[in-house]
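Below is one structure, written out as structure tokens; comments come after it.
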Amino acid sequence: MGKDTIADIITAIRNADMEKKGTVRIASTNITENIVKILLREGFIKNVRKHQENKKYFLVSTLIHRRTMKGIYRTILKRISRPGLRIYSNYQRIPKILGGMGIVILSTSRGIMTDREARLEQIGGEILCYIW
């Protein structure tokens with residue numbers, strides 16, 4: 001685990017998805033809890049539970065593996081804004097991923113939210129990651 005907790009979440013979920021593992025364990029912080037809640041609400045993970053081990057809290061998430069005719073459909077997660085290069089956008093220029101099929105997770109002044117919520121509230125922010 002490094003200092004970039006968002007990249008750690010994305011990497012842990014991506015690695016567990018590639019290895020077809022059922023669960024993934026993520027260190028619990030306010031940012032990670034909010035991102036995992038969004039993934040749960042949007043249907044990318046099944047459920048989440050908080051687990052304590054040696055006075056540290058972890059989020060244990062159960063992943064959803066989707067099957068298609070050609071095999072298993074992978075969840076693609078891509079980190080956009082990073083500590084060395086922050087990417088900001090106003091609500092009018094928030095990109096639509098796959099014509100609205102994917103989601104963009106933003107960090108706004110009102111908390112971490114999806115692109116649809118940010119457009120409805122007409123606020124922009126830092127683009128954290130794309131998921132499709």
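- Here the closest non-hydrogen pair linking Val24 and Ala12 is CG2-O, 3.6 Å.
- When each of Arg79, Arg86, Arg82 is tested with Glu126 by the rule salt bridge (Lys or Arg N to Asp or Glu O under 4.0 Å), just one qualifies, namely Arg86.
- The CD1 atom of Ile94 sits 5.0 Å away from the OG atom of Ser89 when rounded to the nearest 0.5 Å.
- In this structure, Tyr91 and Arg119 approach most closely via the heavy-atom pair O-CG, 3.8 Å.
- Between Glu42 and Ile38 there is a side-chain heavy-atom pair separated by less than 4.5 Å.
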Under 3.5 Å donor-acceptor pairs involving side-chain atoms of residues 96-110, not counting sequence neighbours:
| residue | atom | partner | partner atom | Å |
| --- | --- | --- | --- | --- |
| Thr108 | OG1 | Arg110 | N | 3.2 |
| Thr108 | OG1 | Gly111 | N | 3.4 |
| Thr108 | OG1 | Gly111 | O | 2.7 |
| Arg110 | NH1 | Glu121 | OE1 | 2.9 |

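- Between the side chain of Arg93 and the backbone N or O of Gly124 there is no donor-acceptor pair closer than 3.5 Å.
- With values rounded to the nearest 0.5 angstrom, Phe58 atom CZ is found 4.0 Å from Arg25 atom CZ.
- Shown here is Ile76, whose CD1 atom has more than 12 heavy atoms of other residues, nucleotides or ligands within 6.0 Å.
- When each of Asp17, Thr11, Ile9, Ile131 is paired with Leu77, the side-chain contact (heavy atoms from CB on, under 4.5 Å) condition holds for Ile131 and for no other.
- Annotation for Cys129 and Ile10: closest pair CB-CD1, 3.7 Å, computed over non-hydrogen atoms.
- Within the 4.5 Å cutoff, the side chain of Pro83 has no heavy atoms near those of the Lys3 side chain.
- Going from atom OG1 of Thr62 over to atom CG of Leu40 covers 9.5 Å, rounded to the nearest 0.5 Å.
- When side chains are defined from C-beta on, Ile13 does not count as touching Thr75, because their heavy atoms never get closer than 4.5 Å.
- Considering CG of Leu128 and CD1 of Ile87, their distance stands at 11.5 Å, rounded to 0.5 Å.
- Crowding of Asn30 atom CG: a count of heavy atoms from other residues, nucleotides or ligands under 6.0 Å not exceeding 12.
- In this structure, OG1 in Thr23 is found 11.5 Å from CD1 in Ile45, a value given to the nearest 0.5 Å.
- In the displayed structure, Gln52 atom CD is contacted under 6.0 Å by more than 12 heavy atoms of other residues, nucleotides or ligands.
- For the residue pair Lys46 and Leu63, the shortest heavy atom distance occurs at CE-O, 4.1 Å.
- Expressed to the nearest 0.5 Å, how far CD1 of Ile31 lies from CD1 of Ile112 amounts to 5.5 Å.
- For the residue pair Trp132 and Phe44, the shortest heavy atom distance occurs at C-CE2, 4.4 Å.
- Remark: side-chain polar atoms of Ser61 are not paired, donor with acceptor, to backbone N or O of Ile26 under 3.5 angstrom.
- Closest approach of Tyr130 to Pro95, counting heavy atoms only: OH-CG, 3.3 Å.
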